[in-house]
Number of protein chains: 2
Amino acid sequence: MTRAEAHYSTAELPTELFKALGDLTRLRILSLLLHAPMRVCVCEMVHALQLPQYQISRQLAVLKRVKLVDAEKSGTWVYHGLDAEHYALNRLAPALRELLQGEPFDRDRARLDRRLSMRDGDRCVVGFVDNISIPENAQQ
Amino acid sequence: MTRAEAHYSTAELPTELFKALGDLTRLRILSLLLHAPMRVCVCEMVHALQLPQYQISRQLAVLKRVKLVDAEKSGTWVYHGLDAEHYALNRLAPALRELLQGEPFDRDRARLDRRLSMRDGDRCVVGFVDNISIPENAQQ
DNA sequence: GTATTACATGCACTTCTATGCATATATTAT
DNA sequence: ATAATATATGCATAGAAGTGCATGTAATAC
């Protein structure tokens, strides 16, 4: 089973894949994961994307359904990353990196970088911060 | 205006693009156009995809809205082709060619090839044929 | 045990999208 | 002019998908 995944026909696979890409929040999440050098937990994405936690969780569920994203649990934290074995994703990744430029993608990735710098080693230790106190050039 | 198109924000562009790709009929149309060495008219697509004419026209309208496809009119015939200048499409085309394999894409392209062989020069002269009488290995 | 925190999801609602049918438009032929 | 043909689209309906809120689950800390 290299390209075809369980219960999907050959034709459904690319269709469902592109459907999953057809949403701004999900593209923003993918932009983060294509950029980050490690897995990212939900609260870090909430911080980077400035969206409610349930939005991130829900769109992550969609991305997991089409196997673009997988997760590793560590305590109450869940670290999400791209499925390195995903055939189509590996084909599309270079184009995605090029297309997911400009706003809001650039600003999202900048916020993620600052947030990741708050880690203790490779672990998120911050959780949800309501009023984010990391200096950022508050331009809109 | 290289990458950004009129009335679309930077972020909407890739989102709308992938939304347009997230439909099997539209992917089948794109598979035809990525394969064919020339523009293809609607009745030829109807023949190749075995779908009602209004379906082809409607999905073509969606593809035209995101500028993936453009059209040239010649009499009552309208020849559709990929927009050779489309930045994202050119990035995605190699991956698309790889992903749009298997059924029904292969069979669609085979039917298109037979149908295109019925042209008079570079012109479609057949129109709609209700019961297509081109021999095909009828393996459903 | 209880409390807290990180994350996931059920529900109600709304909005978008697809589909089928019928019909409109436009061009050619007569 | 009418007829015929290729293509496009309006309309009604059905189903899918997005959104916000509240709540559920699971792990840790005490």
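Source: prediction; values computed, not measured. Order of the sequence lines fixes the chain letters, A, B, ..., with proteins taken first and strands second; residue numbering starts at 1 for each chain.
dG18(D) atom P lies 12 Å from atom CD1 of Ile29(A), rounded to whole Å. In this structure, the CG atom of Asp23(B) is 9 Å from the C1' atom of dT17(C), given to the nearest Å. In this structure, Leu60(A) places its CG atom 14 Å from P of dG18(D), rounding to the nearest Å. Summarising the geometry, the separation between NZ on Lys19(A) and C1' on dT17(C) is reported as 10 Å, rounded to the nearest angstrom. Here dT19(D) presents its P atom at 6 Å from CD of Gln59(A), a figure rounded to the nearest Å. Atom CZ in Arg123(B) sits about 15 Å away from atom P in dT27(C), given to the nearest Å. Atom C1' of nucleotide dA8(C) and atom CZ of Arg65(A) are separated by 12 Å, given to the nearest angstrom. Distance Phe18(A) CZ to dT17(C) P: 18 Å, rounded to the nearest Å.
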Would Phe18(B) and Lys19(A) count as a side chain to side chain contact (heavy atoms under 4.5 Å, CB included) if you check the C-alpha gap in whole Å, the side-chain angles of each, and the deciding distance to 0.1 Å?
CA-CA 7 Å; Phe18(B) 289 121; Lys19(A) 264 187 200 148; over 6 Å; no
Test side chain to side chain contact (heavy atoms under 4.5 Å, CB included) on His86(B) and Leu17(B) and set out the steps.
CA-CA 11 Å; His86(B) 194 288; Leu17(B) 171 70; 4.2 Å; yes
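The overall bend of the helix from dG1(C)-dC30(D) to dT30(C)-dA1(D), read as the angle between its terminal helix axes built from five base pairs each, is 10° when rounded to 10 degrees.
Out of dA18(C), dA8(D), dC7(C), the shortest distance to the side chain of Ser57(A) is found at dC7(C).
Of the two residues contacting DNA chain C, namely Val125(A) and Ala61(A), the nearest-nucleotide position lying further toward the 5' end is that of Val125(A). Sequence order on DNA chain D of the closest nucleotides to Arg26(A) and His80(B) puts His80(B) first from the 5' end.
At distances below 3.5 Å, not a single donor-acceptor pair connects side-chain atoms of Arg109(B) with backbone N or O atoms of Leu32(B).
When each of Arg39(A), Lys64(A), Arg65(A) is paired with Asp70(A), the salt bridge (charged side-chain N to carboxylate O under 4.0 Å, His left out) condition holds for Arg39(A) and for no other.
From Asp113(B), atom CG reaches atom CZ of Arg115(B) across 13.0 Å, with rounding to the nearest 0.5 Å.
Closest approach of Asp23(B) and Thr25(B) over heavy atoms only: OD1-N, 3.0 Å.
Proximity of residues 34-45 of chain A to DNA chain C (heavy atom under 4.0 angstrom from any strand atom) is restricted to Cys41(A), Val42(A), Cys43(A).
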B/S/- contact track for nucleotides 20-30 of chain D, protein heavy atom under 4.0 Å
BBB---SBS--
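Side-chain contact between Tyr79(A) and Arg123(A) is present, with heavy atoms from C-beta onward closer than 4.5 Å. Residues Val69(A) and Leu30(A) form a side-chain contact, since some pair of their non-hydrogen atoms from C-beta on lies under 4.5 Å apart.
With respect to Asp83(B) and Lys67(B), no salt bridge is recorded, no charged nitrogen being found less than 4.0 Å from a carboxylate O. We find that Glu44(A) and Arg119(A) are joined by a salt bridge, their nearest charged nitrogen and carboxylate oxygen being less than 4.0 Å apart. Electrostatic pairing of Asp108(B) and Arg111(B) counts as a salt bridge here, judged by a charged N lying under 4.0 Å from a carboxylate O.
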